[in-house]
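All values below come from the heavy atoms of this structure, side chains included, with hydrogens, waters and symmetry mates left out. Note that the structure is a prediction, hence the values are computed from the model and not measured.
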Amino acid sequence: QMWEEAIALGKELAEQYENEMFDYEQLSELLRKQAQFYENIVKVIRPKPDYFAVGYYGQGFPTFIRNKVFIYRGKEYERREDFEARLLTQFPNAEKMKTTSPPGDDIKNSSGQYIQCFTVKPKLDLPSKFHRPVSEQIVSFYRVNEVQRFEYSRPVRKGEKNPDNEFANMWIERTIYVTAYKLPGILRWFEVKSVFMVEISPLENAIETMQLTNDKINNMVQQHLNDPNLPINPLSMLLNGIVDPAVMGGFTNYEKAFFTEKYMHEHPEDHEKIEKLKDLIAWQIPFLAEGIRIHGEKVTEALRPFHERMEACFKQLKDKVEKQYGARAVLSSLDDRRGSRPRSMVRSFTMPSSSRPLSVASVSSISSDSTPSRPGSDGFVLEPLLPKKMHSRSQDKLDKDDLDKDKKEKKKEKRNSKHQEIFDKEFKSTDISLQQSEAVILSETISPLRPQRPKSQVINVISSERRFSVSPSPPSSQVTPPPITPRTKLSFSIQSNLELNGMSISDIPDVPPPLPLKGSMADYGNLMESQDLISPTTSPPAHQRVSP
């Protein structure tokens, strides 16, 4: 479940697949896995293993672990008792030490085996890329992974014991352990390379405790905002333990210990720390308000009395805190709730028949009275295929004269503009039914010969500029079309009652004549033999034709 590490390795593989091997099939599969990993990071709750410090003292141990301390990573949901039992099975003659303080020289130099084991807390070391606040679900991975510093806190009392308030003289002796490598690594345990100790004053301990409590409330609220299906019991216990003074006393003990005239007179250097503690107490109110609001929305009828009592206690607490320390309002972190994620915008390449366009021509050029747009700019779906077919091998061999090519292009543009004007004139004046059933849909199995002309519409394909014109055909003699043979390449037939290439509709015989050879543009005799060279080009004028 270390998906963060899998994503890092996947990015290395993606670079190889995309830029070195060009294996897009493997790349797509890898990217799908990465997408699932990112989703798992946000949605799946992963267990947080505990870390244990283990010291092997005495001359009875092997030299590589003798009088050394190691940090072990426990298994999922493994308690310290279970870990100790598993550890002592490897050393059945060892004796378990009952203190957590470092042993003296008498134990280190003894001939026996002494094992010291206690739980340590990993110290969060966020990567540099997290330069702004991020979701707790993302940060939670780095609280127990990629860690190299661990701490163990031990309470120490200094001065006279105060029976009324134990927080006034409770110091914290914190030991920091730094391992040789980050955990987890190639092993589940690494040797401790450095140890140092710091002392935390009672006021600093109170500030740290309040900060952790606020973060815990905020994180749980965010989890419930992101996932409404989470159970409510952990939230109930957390809120009740803070709001109800009969449970833990809340921060009243801090007020009795540090917010007195006597403490401020004896410790004038702690003025800034006291103000910080007051600010943390004031900030706890909006966090609690949001948590109680969520609790009220999800509470069952059986727990309704419990919730009402908690609301009453919170109201008293809120009035007291806002009166003494001021009111705070959370505007960004809690109010910016994540709703349901919008569904991805997926473009459909297969449109249903109800939304299929009436023809391949642009709808805007049909419906508007303005000058038609340039051909090919209306999103013609076959446009990417046509340029490949227009440059055949026969054209590349025969069309070597650039001057002739320029002349022919000018003639084509002039002819195309003429046909487009006729198309606009006739299409506006003719009542053409644009029903779905009469839609003209181009197929890839169009015969290169002349098929039967439809009664209502005729598609006129001008190949070089890919123009389409629709005009009604007169009910003249109908010609039985030849059978349509499937073709792998896309080709279009040119048909119209207009004058094209010097021939009118009356000059066309019932049986289509064989295609003549072209003298300059392409060789139709070779084109009929090789279907790969078929291109929808316009034949030259009549005076340029040559006999076979």
> How many angstroms lie between atom CG of Asp270 and atom CD of Glu275, to the nearest 0.5 angstrom?
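Result: 12.0 Å between the selected atoms.
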> State plainly whether the residues Glu136 and Arg143 are in salt-bridge range, i.e. N to O under 4.0 Å.
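So Glu136 pairs with Arg143 through a salt bridge.
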> Could you tell me whether the side chains of His307 and Glu311 share a donor-acceptor contact shorter than 3.5 Å?
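Note: His307 and Glu311 side chains meet the donor-acceptor criterion.
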> Just by distance, no angles: are the side chains of Asn93 and Gln113 close enough, under 3.5 Å, to form a donor-acceptor pair?
no
> Considering non-hydrogen atoms only, spot the tightest contact between Glu25 and Ser28 and give its length.
O-OG, 2.7 Å
> Applying side chain to side chain donor-acceptor pair (under 3.5 Å), name anything that partners Lys48, two or more places apart in sequence or on another chain.
none
> Report yes if some heavy atom in the side chain of Pro202 is under 4.5 Å from a heavy atom in the side chain of Asn169; otherwise report no.
no
> When the side chains of residues 317-326 are checked against the rest of the protein, which donor-acceptor pairs come out under 3.5 Å, sequence neighbours left out?
| from | atom 1 | to | atom 2 | distance (Å) |
| --- | --- | --- | --- | --- |
| Lys320 | NZ | Glu255 | OE1 | 3.3 |
| Tyr325 | OH | Glu255 | OE2 | 2.7 |

> Starting from the C-alpha separation in whole Å, work towards a yes-or-no answer on salt bridge (Lys or Arg N to Asp or Glu O under 4.0 Å) for Asp227 and Lys43.
CA-CA 8 Å; Asp227 188 3; Lys43 292 186 175 181; over 6 Å; no
> Should Asn205 and Trp171 be marked as a side-chain contact (heavy atoms from CB on, under 4.5 Å) after you check the CA-CA gap, both sets of side-chain angles, and the distance that decides it?
CA-CA 8 Å; Asn205 183 33; Trp171 289 67; over 6 Å; no
> Under the side-chain contact (heavy atoms from CB on, under 4.5 Å) rule, what do Val156 and Ile172 come out as? Steps first, then yes or no, please.
CA-CA 6 Å; Val156 177; Ile172 299 296; over 6 Å; no
> For Tyr263, what residues pass the ring pair (Phe, Tyr, Trp, His ring centres under 6.0 Å) criterion, not counting sequence neighbours?
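Only Phe258, His267 meet the ring pair (Phe, Tyr, Trp, His ring centres under 6.0 Å) criterion with Tyr263.
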> Is a donor on one side and an acceptor on the other found under 3.5 Å between the side chain of Asn109 and the backbone of Asp105?
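Side chain of Asn109 to backbone of Asp105: a pair is present.
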> Stepwise, does the side-chain contact (heavy atoms from CB on, under 4.5 Å) test hold for Phe118 with Tyr152?
CA-CA 9 Å; Phe118 51 90; Tyr152 174 74; 3.7 Å; yes
> Do side-chain atoms of Asp23 reach the backbone of Gln26 as a donor and acceptor pair under 3.5 angstrom?
yes
> At what distance, to the nearest 0.5 angstrom, does CD1 of Ile138 lie from OH of Tyr38?
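The CD1 atom of Ile138 sits 10.0 Å away from the OH atom of Tyr38.
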> Not counting sequence neighbours, which residues clear side chain to side chain donor-acceptor pair (under 3.5 Å) with Glu208? List them please.
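With sequence neighbours excluded, Glu208 shows a side chain to side chain donor-acceptor pair (under 3.5 Å) to Arg174, given in chain and number order.
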> Do NZ/NE/NH1/NH2 and the carboxylate oxygens of Arg79 and Asp50 come within less than 4.0 Å?
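So Arg79 does not pair with Asp50 through a salt bridge.
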> Stepwise, does the side-chain contact (heavy atoms from CB on, under 4.5 Å) test hold for Val299 with Arg304?
CA-CA 7 Å; Val299 71; Arg304 181 63 60 181; 3.2 Å; yes
> With a 4.5 Å limit on heavy-atom distance, are the side chains of Tyr114 and Pro103 in contact?
no
> Could you tell me whether a side-chain N or O of Asn240 sits under 3.5 Å from a main-chain N or O of Ser236, the two making a donor and an acceptor?
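Checked: no pair found.
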> How long is the span from the CD1 atom in Ile281 to the CZ atom in Arg328, to the nearest 0.5 Å?
10.5 Å
> Which atoms form the tightest heavy-atom contact between Pro231 and Pro234, and what is the distance?
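Smallest interatomic distance, heavy atoms only, reads O-CD, 3.7 Å.
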> For Glu290 and Asn218, indicate whether the former's side chain and the latter's backbone hold a donor-acceptor pair under 3.5 Å.
no
> Given Trp189, which of Phe70, Phe83, Tyr56 fulfils the ring-ring contact (aromatic ring centres under 6.0 Å, His included) condition?
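It is Phe70, the one option of Phe70, Phe83, Tyr56 that forms the ring-ring contact (aromatic ring centres under 6.0 Å, His included) with Trp189.
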> When you compare the side chain of Val195 with that of Ile176, does any pair of heavy atoms fall below 4.5 Å?
no
> Any donor-acceptor pair under 3.5 Å linking the side-chain atoms of Gln36 with those of Asn40?
yes
> Are the side chains of Ser135 and Gln222 in contact, using a 4.5 Å heavy-atom criterion?
no
> Would you kindly check if the NZ (Lys) or CZ (Arg) of Lys121 is within the cone defined by 45 degrees around the ring axis of Tyr51 and under 6.0 Å from the six-membered ring centre?
no
> Below 4.0 angstrom, N of the basic side chain to O of the carboxylate: do Glu199 and Lys158 qualify?
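Salt bridge flag = yes for Lys158 with Glu199.
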> Does a salt bridge link Arg46 with Glu4, judged by any charged N lying under 4.0 Å from a carboxylate O?
yes
> What's the shortest heavy-atom distance between Gln116 and Thr99, and which atoms?
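The pair with the smallest heavy-atom distance is NE2-O, 2.8 Å.
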> Considering non-hydrogen atoms only, spot the tightest contact between Ala53 and Val120 and give its length.
CB-CG1, 3.7 Å
> Can you tell me how far apart SG (Cys313) and CD1 (Ile242) are? Round to the nearest 0.5 Å.
13.0 Å
> Quick one: does Gln59's side chain get under 4.5 Å of Asn67's, heavy atoms only?
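Sidechains of Asn67 and Gln59: in contact.
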> Closest approach of Ile115 and Ala94, non-hydrogen atoms and distance?
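Closest pair (atom of Ile115, atom of Ala94, distance): CD1-CB, 3.7 Å.
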> The criterion is side-chain contact (heavy atoms from CB on, under 4.5 Å); which residues satisfy it with Glu18, sequence neighbours excluded?
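Testing Glu18 for side-chain contact (heavy atoms from CB on, under 4.5 Å), a comparison that skips the adjacent residues, returns Leu27.
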> State whether Glu297 and Arg293 are salt-bridged, where the test is any N-O pair (Lys NZ or Arg NE/NH1/NH2 against Asp/Glu carboxylate O) under 4.0 Å.
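Between Arg293 and Glu297 there is a salt bridge, with a charged N closer than 4.0 Å to a carboxylate O.
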> Looking at Lys193 and Glu191, is any side-chain nitrogen of the basic one under 4.0 Å from a carboxylate oxygen of the acidic one?
yes
> CE of Met264: more than 12 outside heavy atoms within 6.0 angstrom?
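Atom CE in Met264 is packed in, count exceeds 12.
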> Looking at every heavy atom in both His224 and Ile232, which two are closest together, and how far apart are they?
CE1-CA, 4.3 Å
> Side-chain contact test, heavy atoms from C-beta onward, threshold under 4.5 Å: evaluate it for Gln211 versus Leu280 and give yes or no.
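SC-SC contact between Gln211 and Leu280 confirmed.
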> So, the side chain of Gln34 versus the backbone of Gly10: is there a donor-acceptor pair under 3.5 Å, distance only?
yes
> Within a 6.0 Å radius of atom CD on Glu81, are there more than 12 heavy atoms belonging to other residues, nucleotides or ligands?
yes
> Main chain of Val44, side chain of Gln137: is a donor-acceptor contact present, judged purely on distance under 3.5 Å?
yes
> Between Phe61 and Phe91, is the gap from one ring center to the other below 6.0 Å?
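Yes; Phe91 has its ring centre under 6.0 Å from that of Phe61.
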> To the nearest 0.5 angstrom, please state how far the CD1 atom of Ile207 sits from the OG atom of Ser201.
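Nearest 0.5 Å value for the CD1-OG distance: 7.5 Å.
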> Looking at side-chain heavy atoms only, is the closest gap between Leu277 and Leu203 below 4.5 Å?
yes
> Show me the donor-acceptor pairs within less than 3.5 Å that the side chains of residues 177-184 make with the rest of the protein, sequence neighbours left out.
| from | atom 1 | to | atom 2 | distance (Å) |
| --- | --- | --- | --- | --- |
| Thr179 | OG1 | Gln148 | O | 3.4 |
| Thr179 | OG1 | Tyr181 | O | 2.7 |

> Output the distance between atom OG1 (Thr209) and atom CG (Asn214), rounded to the nearest 0.5 Å.
11.0 Å
> Within a 6.0 Å radius of atom CD on Glu261, are there more than 12 heavy atoms belonging to other residues, nucleotides or ligands?
no
> Do the non-hydrogen side-chain atoms of Pro127 and Tyr142 ever get within less than 4.5 Å of each other?
yes
